[in-house]
2 protein chains.
Amino acid sequence: MYTDSSGKTLEDYPRPSVAVDTAVLTVDPERALAVLLVRRADDLGRDAWALPGTFLHEKERLADAVLRSLDQKAGLRGTEPRQLHVFDDSERDNRGWVLSVAHVVVLPWKVVAPVVEVGPDDVRLAPVVDVPALEFDHDVIVRMAVEDVRARYRHEPDPEALLEEPFTMRELRHLHAAVAGVAHIPPDTFRRRMERQLKDTGRTKERTVGRPAALYLRRRSSLRH
Amino acid sequence: MYTDSSGKTLEDYPRPSVAVDTAVLTVDPERALAVLLVRRADDLGRDAWALPGTFLHEKERLADAVLRSLDQKAGLRGTEPRQLHVFDDSERDNRGWVLSVAHVVVLPWKVVAPVVEVGPDDVRLAPVVDVPALEFDHDVIVRMAVEDVRARYRHEPDPEALLEEPFTMRELRHLHAAVAGVAHIPPDTFRRRMERQLKDTGRTKERTVGRPAALYLRRRSSLRH
DNA sequence: CAAATAGTGTCTCTTAGACAGTATTTG
DNA sequence: CAAATACTGTCTAAGAGACACTATTTG
């Protein structure tokens, strides 16, 4: 057995339980940024809402634990979790000493909709502007997740590949407004900022009211969808 | 004992060892951004270099473990660690399943100098442009730490409070050049960007060659120093 | 005075924002 | 044609970068 500089072995150190908790964000048809919540019986047996999470399995990767918890709790698959922060207050979970690695996952509405619409009663979406009180420090995780995603959408067109390609400038703009949480983004300046970062297909959207809109692709087309 | 939704208790889950590893960055008198390394006997008993780190104690906060490891391994105190990332490859440490929470700490040369100059032989600084091969994934941690600090210095004057107040624009500019890893920053545009974020003392530096320079304070003066 | 350093005026370029105009479709 | 939507031209303001100029000190 290898030892560290003090001659102790790994077994000589206390080990915390390690959990992952995930803010799953999506944009609903009303163009609101929303987060997925799961029902959870709290200390007193009352219903409460929390983010989906799970404890780490033996030698499991954190991202795999995130995907496993989303599959088990909400039947969601195939995503790319990003780490946000480790919550390490020893009192944060009254079951014991639990570190939680907070993650964010962004999914298209098309993927989330079936889960919350026809799925079980203990999964729901809440708009991020109106999240109910959550268990543990999950309110903080939601805030960090929203900030993270908004920062990523600030300068790049749809970095999470929420839109199906090809898409129009209008669709892209509405998506960015939803993520940013604003009602309106000026179309002309938005176009000029984004156009150089997109690939023009040369095609236009057919059978529309008004002048047909050009169709674009992301430069680095996502493998998703 | 509280249980989770599956009826299992905390003890039913495997628990990884959890470590912290820290990139301590400073700017040396030659104006190079440098990282603190500690000597470590590797698998074969040969000398190798690594970042200072330690295993978490019972219910200890991560930031406290970072401070404890810096005190023990290098005699450094009084800092504000920031989390960078959790490294979770189960094979990353051949002693067993170890999660490592990487941190970055930025310290003034005045604090680091005594440790590396008169301190023990198994602590040294390496310029970040020329870091030797490190144990584990510590090379990656150094890269992330440097990126983190550079991003923080991009738009704000000395956010880590490396300079003692008051300081001149020239001192601030040289510091920012060191952090960014460039030989020169154009003085006029640098001044215009930073001046509005500083508090002018109205005083000037005495007994200098050339016109005396104005002395500035950070707006939100640090509690350190 | 020369040398050295501090600081300013100003030009160009780029970009965001605002706003009005032109272009192309449906019905 | 009107209505609707897509797109462009152009003005203004702000900021970065470059460069020359002025200002204030020491010796």
Side-chain angles (χ1 to χ4, degrees), chain A residues 29-31 150-159 163-219, chain B residues 29-31 150-159 163-219:
Chain A
E30 270 74 49
R31 299 198 196 120
R150 285 187 175 160
R152 289 167 56 74
Y153 271 77
R154 205 111 56 200
H155 299 291
E156 206 185 327
D158 192 18
L163 289 180
E164 290 183 70
E165 296 180 305
F167 48 81
T168 67
M169 196 56 79
R170 182 196 189 78
E171 290 161 349
L172 183 68
R173 180 162 45 86
H174 284 159
L175 170 64
H176 278 248
V179 169
V182 299
H184 179 74
I185 294 177
D188 44 5
T189 159
F190 180 80
R191 168 187 301 276
R192 280 188 263 255
R193 236 181 317 130
M194 294 302 171
E195 206 160 34
R196 67 192 98 155
Q197 304 180 60
L198 295 170
K199 196 157 49 183
D200 193 337
T201 61
R203 291 180 295 133
T204 56
K205 188 146 189 167
E206 307 281 315
R207 280 160 301 141
T208 58
V209 175
R211 176 173 169 175
L215 291 169
Y216 297 94
L217 306 174
R218 277 176 287 274
R219 279 220 179 279
Chain B
E30 269 74 47
R31 297 197 198 123
R150 285 186 176 161
R152 289 168 55 76
Y153 270 77
R154 205 112 57 199
H155 298 291
E156 207 186 325
D158 192 19
L163 289 179
E164 289 182 71
E165 295 179 306
F167 48 81
T168 67
M169 196 56 78
R170 181 197 190 78
E171 289 161 349
L172 183 66
R173 179 162 45 87
H174 284 159
L175 170 65
H176 277 248
V179 169
V182 299
H184 180 74
I185 294 177
D188 45 5
T189 160
F190 180 81
R191 168 186 302 275
R192 279 187 264 253
R193 234 181 319 131
M194 294 301 171
E195 206 161 34
R196 64 191 100 156
Q197 304 180 59
L198 295 170
K199 194 156 52 183
D200 193 337
T201 61
R203 291 180 296 134
T204 57
K205 189 145 188 167
E206 307 281 315
R207 279 161 300 140
T208 59
V209 177
R211 176 172 169 178
L215 290 169
Y216 297 93
L217 306 174
R218 279 176 287 275
R219 279 219 179 280

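Just so we're on the same page: letters track the sequence lines, and every chain starts at 1. These figures come from a predicted structure and were not determined experimentally.
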Protein-nucleotide distance ([X], atom [atom1]; [N], atom [atom2]), rounded to Å:
X	N	atom1	atom2	answer
B/H174	C/dT5	NE2	P	9 Å
B/F167	C/dA6	CZ	P	14 Å
B/M169	D/dA23	CE	P	20 Å
A/I185	D/dA6	CD1	C1'	17 Å
A/M194	D/dA6	CE	P	17 Å
A/F190	C/dT15	CZ	C1'	16 Å
A/D188	D/dA6	CG	C1'	12 Å
A/K205	D/dA6	NZ	P	9 Å

| Any donor-acceptor pair under 3.5 Å joining the side chain of B/R192 to the base of C/dG9? |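 Result: at least one qualifying N/O pair found.
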| Got a second to check how far B/R152's CZ is from B/D158's CG, nearest 0.5 Å? |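 Nearest 0.5 Å value for the CZ-CG distance: 10.0 Å.
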| Approximate separation, where rounding is to 0.5 Å, of A/H155 NE2 and A/R193 CZ |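 Answer for the NE2-CZ pair, A/H155 versus A/R193, is 8.0 Å.
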| query | Looking for any heavy atom pair under 4.0 Å, which part of the strands does A/R173 touch: base, sugar-phosphate only, or nothing? | reply |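 Nothing, no nucleic acid heavy atom in range.
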| message | Does D/dA6 have its OP1 or OP2 closer than 4.0 Å to a side-chain nitrogen or oxygen of A/R191? | response |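 Looking at the OP1 and OP2 atoms of D/dA6, neither is under 4.0 Å from any side-chain N or O of A/R191.
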| message | For a quick test of reading the model: is some side-chain N or O of B/R170 closer than 4.0 Å to OP1 or OP2 of C/dA6? | response |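 Checking C/dA6 against B/R170, a side-chain N or O does come within under 4.0 Å of OP1 or OP2.
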| said: Between A/H176 and A/R154 (side chain of the first, backbone of the second, donor and acceptor by atom type, cut-off under 3.5 Å), is there such a pair? | reply: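 No.
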| task | Any chance you could lay out the side-chain contact (heavy atoms from CB on, under 4.5 Å) test for A/R218 and A/L163, step after step, and finish with the verdict? | result | CA-CA 10 Å; A/R218 277 176 287 274; A/L163 289 180; 4.2 Å; yes
| Name the one of A/K199, A/E171, A/E195, A/R203 that satisfies side-chain hydrogen bond (donor to acceptor under 3.5 Å, both in side chains) with A/Y216? |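 Among the candidates, only A/E195 passes.
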| field | Side-chain touch B/L215/B/F167, heavy atoms, less than 4.5 angstrom | value |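 No, too far: nothing below the 4.5 Å cut-off.
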| A/L198 versus A/L172: any side-chain heavy-atom pair under 4.5 Å? |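 Yes - at least one pair of side-chain heavy atoms lies under 4.5 Å apart.
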| In the 5'-to-3' direction, what one-character label does each nucleotide of nucleotides 22-27 of chain C receive under the scheme B = base within less than 4.0 Å of a protein heavy atom, S = sugar-phosphate only, - = no such atom? | -BBBS-
| Candidate nucleotides D/dC7, C/dA6, C/dG17, ranked by approach to the side chain of A/T189 - the nearest |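 Looking only at side-chain atoms, A/T189 lies closest to C/dG17.
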